Amino acid sequence: MTDVRLDHRLVIVSNRLPVALRRDAQGRWEAEPGSGGLVTALAPVLRNRGGLWIGWPGVAQTEDMNLDGSLREAVRGSGFAFKPVPLTEVEVAGYYYGFANEILWPLFHDLQTRCNFDPGYWEVYRRVNRKFAKIVAAAIRDDDHIWVHDYHLMLVGNELHRLAIRQKIGYFLHIPFPPPDLFLKLPWRYEILNALLAYDIVGLQTHRDKRNFVQCVRSMRKDVAVRGKGRVVSAWVDHREVRIGNFPISIDFEEFSRKAGSFEVNRRVAEIRSDLGSDGRRQMLLLGVDRLDYTKGIPERLMALADALERFPDLRGRISLMQIVVPSRVNIPKYQDLKLDIERKVSEINGKYTRTDWLPIRYIFHSIDRTELVALYRSADIALITPLKDGMNLVAKEYCATHIDNDGVLILSEFAGAADQLHAHPLLVNPYDVREVAETINTACHMPPEEKRRRMKALRRIVRKSDIYWWVDAFLGTVFSHDLEAFSRIDEEVPHMAFPPRTGPHRPPL
Ligand code: GDG
């Protein structure tokens, strides 16, 4: 297998750069690290091998802003170069808040009733994708590997072809791909599908996403033949091959494991645990970590916790949920409503159950630094990860990577992409089923140490084996290698199923 990772410069194109600009107290522009799953996943890859990252720096452009100058400082020491894409306020409103976040995001997460199919958004989306393509075309060299990311930039490949860029272009979708009956609701379904077929590869997270995409291609483009089986299949579009594959994104497993065993994290874990009480009477820590988003199922999770406290009174005083919510898209009214809903539920539950010696929920609405995050992962007896739908969910994998003592229980939504890959080793739940989640919390609290160990060992083995470097190799190999067979054989150790069987005591297998 040729080492496609290192022979060529890698050019990443994504909506956001891995740094965000903001004004400091003196009104000067400064760059701070970006957040979110895409950045966590890709930053170590580019740090490791260098390259160029093209994206929007997160604020609408103003006249006093010297984008290149403000970013120069952030680039120093990062190991790779940035090329900012300046966007005006109107562009940010139509392309990002509008088309991406009011149409594609809810529709692709099966939440069609939250969509606002405003036709004006489409025009701006197209214009901004064209703008990205022009900046990419001006920045690339002939032998670069171009890799476009996510739902904001579905049209960039097609626009690059119009600009006579002939090299291969890879595309990866970080969110789920919907089944045909939902995708067909999109007024611009043909334009989007055809634009995706302009890439040389369309990478998706799970088998289910790939199946949905292939079904859309089959039902909407009768002239396109899709052939093959396994991780990667080929669609033949006007005699041109488009590869379609599923590549579950991952994390830098070794980095998270190493950090979990570091002196500073061990010290914080001891502090956090001592705050939870002394050994015999220590409360069990449940942890939720999510961006503020309605897809993450936070209110539903809080209702399940309340149900657990109501129906299993012995849990009162014994468990405590730490819920971290990272601010995200806070300018959108629906996200402000969600924040209020979460805060009302936290306060109702705490108001009902708090005792002088026990607080059921600790709620944090800001992001925390990596050391604190890893210390919380490691301290948490149970991770409660219950999105209504999620492309992958890296928090689930990070939780496993940091449990270096093979303790800890992962409760995971069956609608997170991670469930497709982690099989039956987590306790799988339907996040809409409040009763079931409550029972599963109770089951996790009483799980024998040997079972915890067995499950966590299996989870860590899977995440270690298919880490972020595996993911990059598998994806780039599929785009740029001639030996497709070799890359089709790359696979995780467990077979995939549309619905992984549940083996927990809480439910019979499906
Ligand atoms: C999208 C898809 C897909 C969270 N809080 C803090 C913090 N984080 C980091 C976590 C994790 C990342 O943010 C969140 O990643 P997720 O994968 O859970 O979710 P999305 O942001 O929605 O990501 C998702 C992903 O893209 C990758 O393809 O898995 O399905 O929706 O890495 O560690 N980091 C720090 N402080 C925090 O408070 N430092």
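Each ligand, and each atom within it, is numbered from 1 in the order the structure gives. If you're wondering where the values come from, they're calculated on a predicted model, not measured in any experiment.
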If you count the atoms of ligand 1 from 1 in the order shown, which ones are under 4.0 Å from a heavy atom of [X]?
X      : result
Met392 : 3 (C), 24 (C), 29 (O), 30 (O)
Gln205 : 3 (C), 28 (O)
Tyr377 : 33 (O)
Val289 : 4 (C), 5 (N)
Val395 : 18 (O)
Gly391 : 30 (O)
Lys296 : 19 (O), 20 (P), 22 (O)
Ser367 : 37 (C), 38 (O)

Between [X] and [Y], is NZ or CZ placed under 6.0 angstrom from the six-membered ring centre and within 45° of the ring axis?
X      : Y      : answer
Arg114 : Tyr294 : yes
Lys339 : Phe365 : yes
Arg16  : Trp53  : no

Has Lys457 got more than 12 heavy atoms of other residues, nucleotides or ligands less than 6.0 Å from its NZ? no

Give the single entry among His149, His174, His366 that approaches atom 28 (O) of ligand 1 most closely by any heavy atom.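 Residue with the shortest heavy-atom distance to the ligand atom: His174.
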
Tell me: protein heavy atom nearest [atom], and distance?
atom                    : answer
atom 25 (C) of ligand 1 : Gly37 CA, 3.8 Å
atom 33 (O) of ligand 1 : Glu398 OE1, 2.5 Å
atom 29 (O) of ligand 1 : Asn393 N, 3.0 Å
atom 9 (C) of ligand 1  : Thr40 OG1, 4.1 Å
atom 17 (O) of ligand 1 : Leu394 N, 2.8 Å
atom 5 (N) of ligand 1  : Val326 CG2, 3.1 Å
atom 34 (N) of ligand 1 : Leu373 CD2, 3.7 Å
atom 39 (N) of ligand 1 : Ile368 O, 3.2 Å

Would Glu372 count as a contact residue for ligand 1, given that I'm defining contact as a non-hydrogen atom of the residue lying under 4.0 Å from a ligand atom?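 It does not; every heavy atom stays at 4.0 Å or beyond.
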
Side-chain heavy-atom pair Arg189, Ile192 within 4.5 angstrom cut-off: no

Please identify each residue that fulfils side-chain hydrogen bond (donor to acceptor under 3.5 Å, both in side chains) with Asn158, with sequence neighbours left out. none

Measure Arg291 to ligand 1 on non-hydrogen atoms and call it side chain, backbone, both or neither using the 4.0 Å cut-off. side chain

Given that the side chain starts at C-beta and the backbone is N, CA, C, O, which of these parts of Ile249 lies under 4.0 Å from ligand 1, counting heavy atoms, or is it both or neither?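 Side chain only.
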
Are the aromatic rings of Phe99 and Tyr125 close, with centres under 6.0 Å apart? yes

Report yes if the distance between the aromatic ring centroids of Tyr151 and Phe108 is under 6.0 Å, otherwise no. no

Could you tell me which non-hydrogen atom of Phe117 sits nearest to which non-hydrogen atom of Leu186, and how far apart they are?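 Scanning both residues, the minimum pair turns out to be CE2-CD1, 4.1 Å.
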
If you look at every heavy atom in Asn129 and Leu155, which pair is closest and at what distance?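 Heavy-atom minimum between the residues: OD1-N, 3.0 Å.
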
Criterion side-chain hydrogen bond (donor to acceptor under 3.5 Å, both in side chains) on His207 and Asn246, from CA distance to verdict: CA-CA 6 Å; His207 280 84; Asn246 63 293; 3.3 Å; yes

Considering the options Asp381, Leu384, Ile382, which one meets the side-chain contact (heavy atoms from CB on, under 4.5 Å) requirement together with Val409?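 Filter result, single survivor: Ile382.
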
